[in-house]
Amino acid sequence: MIKFSEMKYERPNLETLKKELAGFTEALKTAGTYEEARAVFLAREESGKKTGTAATLASIRHSIDTRDEFYDGEEKFWNAAGPELQEFDQAWTMAMLESPFRADFAKEYGDLMFVNAEIELKTFSPAIIPDLQKENDLTQAYEKLLASAQIPFEGRTYTLSQITPLKTDADDARRLAAWKAEGQWYKDNQAELDRLYDELVKLRDQMGKKLGYEGYTTLGYYRMGRNCYGKEDVEKFRAAVQKYLVPVADKIYREQARRLGKEYPLSFADAALEFRSGNPRPVGSPDDILQNGRRFYEDLSPETAEFFNTMLEGELLDVLSTEGKQSGGYCTSIGEYRVPFIFANFNGTQGDVEVVTHEAGHAFAYWMNRDRVPSSYAWPSMEACEVHSMSMEFFGESHAEGFFGPDAKKFLYSHLAGAITFIPYGTLVDHFQHEVYAHPEMTPRERHDTWKRLLGVYMPWMRLDGDIPFYSEGEGWQRQHHIYSSPFYYIDYCLAQTVSLAFWAMIQEDKAGAWKKYMAYTVQGGSRTFTELLKNAGLESPFEENCLRSVCAKAEEFLTKFDLAGIA
């Protein structure tokens, strides 16, 4: 098989590509039979894979080293080219929707492609091409700023990823100092962070209005491809989180304060330390973690074994934290080569293992659907994708000993507790964004004050006393990439975490049965809406109040009875 390092990147000629796309649209319009129309459709599919692969290779290689001048230039090219090509994509989409063979396409490939196409049409007009290009430039500037971070601490210099383990150090003074050092870097760059976001909010509001909406929120939902729920459903979910989940999370943090001998509410630095003896840490080197991942996937199923071995042999995981590397992690797909790719920053924390389960959960889902036609069906909508990843994390608990050694018990408690306590944070991110885009005229300070107010609603266990720069002043949202680059994405994690907690409960009783349902969910790819995917696999929707109430009750009972004897 071809390895990632051997995959050739070549920038397409933009004008030639535009002519090719226009040619496909014209050929579809003039097709005399379904067979002719289908042949054009399949040819355009292959063309799209080729173009998408080039753009993805440039993006991955740029994120691996943001200092690389060649790929920095290629990223700028795609930032400008993408919005221009959207105009040709829209013309094709309209031709598909108006095709006399639409019923034939729907019969062979399902109607969802047309449902999604109609949503896609609502997100674009040639009038917003310059706005989209500027949006790309602003989000790239944000990512480059974070990747450039140089944080002085104890005589050394750290990137944002590299300082993360120190923020959970078991020594109180050192941990607090690390939080303050990181917070100070953000404070030193606050003016630029404020400027970038202020421009993004006003730009997105302007795009929404150009397309005939009240502002950005409606456009934001369409851009997320939401095809089976709306703003009102999300509001009901947020209310259920406040009702059922915040009290359970609050108990977790009160118990944590007791274990640590700290006052409640906790400082940001103390909330980050779960156990007085330190948070669970993976054992061994990055390669050891990947090899234990191999054992986990080989034990799980024949399909996961083939998948993960391909990932390792094809150099399809880039996980070391290096200078100039973009922070965070993601999974993407390289269509022409029919493989996923995982990007991450290992830093010696529990998160390293979660990369091998979470991001690989995404990758496995693509692997199982890599030959779907249309290729857009390889991935479902975002919240549906996150079910693959977050649930795979819970299946990974079976190999906790291999990943964590003596800290395995700590991890099993921490992982479930973390899933519970994450949802209030993720819901806060969503609520904050709804406030921001409803009031685009807010000043940067008013946005910070809004975040601080909502922190009190969703995370009452956090002490907001100004002790740690940036975080305790209501500015910590600026470290959350999604708020800048993928507005309204974050609630997807919360919906998916709710479903994954249902998988966790099933695993406790019948792991084989739970895996069967996981596969039934996964093999559908993106051929159905989120709620249909769940229904077809026999899973409850997170929009049903009983779903959140039930998983909260089971998790709370498990954590209350969990034997932490011998763990300080």
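Starting from 1, each residue takes its place in the sequence as its number.
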Donor + acceptor pair across side chains of [X], [Y] (<3.5 Å):
| X | Y | value |
| --- | --- | --- |
| Glu74 | Tyr9 | yes |
| Ser47 | Glu20 | yes |
| Gln184 | Lys187 | no |
| Glu214 | Thr218 | yes |
| Asn79 | Gln140 | yes |
| His481 | Ser486 | no |
| Glu120 | Thr123 | no |
| Thr450 | Glu435 | no |
| His415 | Glu393 | yes |

Exercise answer: donor-acceptor pairs, residues 378-388 side-chain atoms, under 3.5 Å, sequence neighbours excluded:
from, atom 1, to, atom 2, distance (Å)
Trp379, NE1, Ser333, OG, 3.1
Ser381, OG, Glu383, OE2, 2.3
Glu383, OE1, Tyr229, OH, 2.6
Glu386, OE1, His358, NE2, 3.4
Glu386, OE1, His362, NE2, 3.2
Glu386, OE1, Ser389, OG, 3.1
Glu386, OE2, Tyr489, OH, 2.6
His388, ND1, Cys385, O, 3.4

Does this structure show an ion pair linking [X] with [Y], if we count only N-O contacts that are shorter than 4.0 Å?
| X | Y | value |
| --- | --- | --- |
| Lys236 | Glu545 | no |
| Lys76 | Asp137 | no |
| Arg447 | Asp194 | no |
| Glu532 | Lys535 | no |
| Lys231 | Glu235 | yes |
| Arg226 | Asp233 | no |
| Asp131 | Lys210 | yes |
| Arg102 | Glu118 | yes |
| Glu87 | Lys18 | no |
| Lys144 | Glu192 | no |
| Lys202 | Glu441 | no |
| Glu182 | Arg479 | no |
| Arg61 | Asp68 | no |

Problem - salt bridge (charged side-chain N to carboxylate O under 4.0 Å, His left out) assessment of Asp111 paired with Arg528 - result: CA-CA 9 Å; Asp111 191 60; Arg528 299 287 184 274; over 6 Å; no
Problem - Side chain to side chain, Asn189 and Leu146, heavy atoms closer than 4.5 Å - result: no
Handout entry: Sub-4.5 Å side-chain heavy-atom contact between Met462 and Pro265
Key = no
Any donor and acceptor pair, going by atom type alone, linking the side chain of [X] with main-chain N or O of [Y] inside 3.5 Å?
| X | Y | value |
| --- | --- | --- |
| Tyr377 | Met113 | yes |
| Thr66 | Gly324 | yes |
| Lys325 | Ala344 | yes |
| Asn345 | Gly328 | yes |

Practice task
For Asp205, enumerate each residue passing the side-chain hydrogen bond (donor to acceptor under 3.5 Å, both in side chains) test, keeping only those at least two apart in sequence or located in another chain.
Solution key: Lys209
Once ring-ring contact (aromatic ring centres under 6.0 Å, His included) is applied, do any residues pair with [X], and if so which ones, sequence neighbours excluded?
| X | value |
| --- | --- |
| Phe105 | Tyr34, Phe41 |
| Trp461 | Tyr253 |
| His434 | Tyr221, Phe488 |

Handout entry: Contact summary for Thr522 and Ala365, nearest pair of heavy atoms
Key =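 Nearest pair, atom of Thr522 first, then Ala365: CG2-CA, 3.8 Å.
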Exercise for the section: Apply the test ring-ring contact (aromatic ring centres under 6.0 Å, His included) to residues Tyr213 and Tyr222: give CA-CA distance (whole Å), side-chain angles for both, the deciding distance (0.1 Å), then the verdict. Expected result: CA-CA 11 Å; Tyr213 307 122; Tyr222 287 145; 5.7 Å; yes
Practice task
Evaluate the ring planes of Phe530 and Phe543, with Trp represented by its six-membered ring, and classify them as parallel (under 30°), tilted (30 to 60°) or perpendicular (over 60°).
Solution key: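 Taking Phe543 first and then Phe530, their aromatic rings stand perpendicular (interplane angle over 60°).
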Exercise for the section: If the plane angle is over 60° it's perpendicular, under 30° parallel, otherwise tilted; pick one for Tyr490 and His482. Expected result: perpendicular
Problem - Aromatic ring proximity, centroids under 6.0 angstrom, Trp477 and Tyr425 - result: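 When the ring centroids of Tyr425 and Trp477 are compared, they turn out to be at least 6.0 Å apart.
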Practice task
Let me see the working for Phe394 and Phe503 under ring-ring contact (aromatic ring centres under 6.0 Å, His included), right down to the final yes or no.
Solution key: CA-CA 8 Å; Phe394 285 120; Phe503 268 113; 9.3 Å; no
In residues 451-459, what donor-acceptor pairs under 3.5 Å come from side-chain atoms, sequence neighbours left out?
from, atom 1, to, atom 2, distance (Å)
Tyr458, OH, Gln242, NE2, 3.1
Tyr458, OH, His431, ND1, 2.8

